[in-house]
Amino acid sequence: MALRKIQRKINSDQPHMVGDGFRVHTFFPSESISIKRLSPFLLMDYNAPIEFAPREEHRGVGVHPHRGFETVTIVYSGSVAHYDSAGNSGVLHPGEVQWMTAGSGILHKEYHEKEFSRRGGLFHVVQLWVNLPSADKGAQPKYQKLTHENLGYYNLPHKMGKVEVIAGQFKDVKGPAHTYTKMNLMNFKLEKGAEISFESNERLNTAALIIEGQAYINGNSADSGNLILFENIGETIDIKAIESSTILFLSGNPIDEKIAVYGPFVMNTHEELELALKDYNAGKYGILKE
Ligand code: MN
């Protein structure tokens, strides 16, 4: 099989604040990576490691709506608290993942967990937005919390690390997340010198974010904070960890439909966006207090 070609390596420079708790670099959508390029993944906000000083008032983003897609939050360091109008709430610790289906409409708020805010410390988080196909944009809101016990694990031989499968499949190991379209999401946690090779069908839109460490990916060196965007040419992906490394890998079948976006709403048409906003203003997403 041919090596999967790398299109670009992108740096996580120029972060901006989302609320007062998330200092993120938006890898996509951007001027160079359109909202369709990595479909079904619409957006990637990367909060590179940053030390937050202790504070009584917890930082974060207050009540806001979403409709038509899913948000996936992956915590590497720090703790995130979540509350939504479907009645779900929870705290995510390092290594845990929240997969929230906004579907027909939800209100939620996302904060640093209170105790973490009081103590202060290193905060390191990724949030992805995952599109829903037209037929499922009206899905009932849902909340999947994926903990260490739930994830799928593929262990490299000789204790050289593991692959934690969140969604989809790696070799014969499946991830626990329910998804509406076919996708794979996983963390490679590799020891220094580990080597691993696998196939990613060239139809799947594919990217890898270096969370920590340094690795060769198909012969190209990549450092923490780099996003590797693969072309849809070739199948084989070879990773060699130069240092002990964590790499977030995502691939998925594109959803080949029109996309209409307005802030926190992602629909297929302008009319659906207008309705999303109208329903929000009419209080149809439920109730959630600040
Ligand atoms: Mn949100």
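It should be emphasised that the depicted structure is a prediction, and the values quoted were computed from it without experimental measurement.
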Determine whether the aromatic ring centres of [X] and [Y] lie less than 6.0 Å apart.
{"X": "Phe249", "Y": "Phe198", "answer": "yes"}
{"X": "His82", "Y": "Tyr143", "answer": "yes"}
{"X": "Phe123", "Y": "His112", "answer": "yes"}
{"X": "His25", "Y": "Tyr46", "answer": "no"}

Any side-chain to backbone donor/acceptor pair from [X] onto [Y]? Under 3.5 Å, distance only.
{"X": "Asn226", "Y": "Ser224", "result": "no"}
{"X": "Ser117", "Y": "Glu115", "result": "no"}
{"X": "Arg67", "Y": "Ser104", "result": "yes"}
{"X": "Asn187", "Y": "Ile74", "result": "no"}

In terms of side-chain geometry, is the basic nitrogen of [X] or [Y] positioned less than 4.0 Å from the acidic oxygen of its partner?
{"X": "Arg55", "Y": "Asp20", "answer": "yes"}
{"X": "Arg4", "Y": "Glu202", "answer": "no"}
{"X": "Glu290", "Y": "Lys109", "answer": "no"}
{"X": "Glu164", "Y": "Lys162", "answer": "yes"}

So which heavy atom on [X] is nearest to which on [Y], and how close?
{"X": "Ile247", "Y": "Ala208", "result": "CG2-CB, 4.0 Å"}
{"X": "Phe265", "Y": "His66", "result": "CD2-C, 4.4 Å"}
{"X": "Phe170", "Y": "Val165", "result": "CB-CG2, 3.8 Å"}
{"X": "Met160", "Y": "Lys192", "result": "CE-O, 3.3 Å"}
{"X": "Ser197", "Y": "Asp238", "result": "OG-OD1, 2.6 Å"}
{"X": "Val130", "Y": "Leu42", "result": "C-CD1, 4.1 Å"}

Are [X] and [Y] linked by a side-chain donor-acceptor pair shorter than 3.5 Å?
{"X": "Lys142", "Y": "His178", "result": "yes"}
{"X": "Glu70", "Y": "Trp99", "result": "yes"}
{"X": "Tyr83", "Y": "Asn88", "result": "no"}
{"X": "Glu243", "Y": "Ser245", "result": "no"}
{"X": "Ser32", "Y": "Arg8", "result": "yes"}
{"X": "Glu257", "Y": "Ser134", "result": "no"}
{"X": "Asn131", "Y": "Lys137", "result": "yes"}
{"X": "Asp45", "Y": "Gln127", "result": "no"}
{"X": "Tyr280", "Y": "His64", "result": "no"}
{"X": "His108", "Y": "Glu110", "result": "yes"}

May I have the step-by-step check of side-chain contact (heavy atoms from CB on, under 4.5 Å) for Met44 and Leu250, ending in yes or no?
-> CA-CA 11 Å; Met44 176 189 274; Leu250 45 148; 3.7 Å; yes
Give, for atom OG of Ser251 and atom CG of Asn201, the distance between the pair rounded to the nearest 0.5 Å.
->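 Spacing of OG (Ser251) from CG (Asn201) equals 9.0 Å.
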Just how far is it from atom CD1 of Ile237 to atom CD1 of Ile228, taken to the nearest 0.5 Å?
->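 Nearest 0.5 Å value for the CD1-CD1 distance: 10.5 Å.
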Tell me, with the steps shown, if Thr236 and Glu199 meet side chain to side chain donor-acceptor pair (under 3.5 Å).
-> CA-CA 4 Å; Thr236 304; Glu199 308 298 319; 3.1 Å; yes
In this structure, are over 12 heavy atoms from other groups packed under 6.0 Å from [X] atom [atom1]?
{"X": "Glu51", "atom1": "CD", "result": "yes"}
{"X": "His93", "atom1": "NE2", "result": "yes"}
{"X": "His16", "atom1": "NE2", "result": "yes"}

Applying side-chain contact (heavy atoms from CB on, under 4.5 Å), run through Asn205 and Arg37 and close with a yes or a no.
-> CA-CA 7 Å; Asn205 291 329; Arg37 174 61 184 83; 3.8 Å; yes
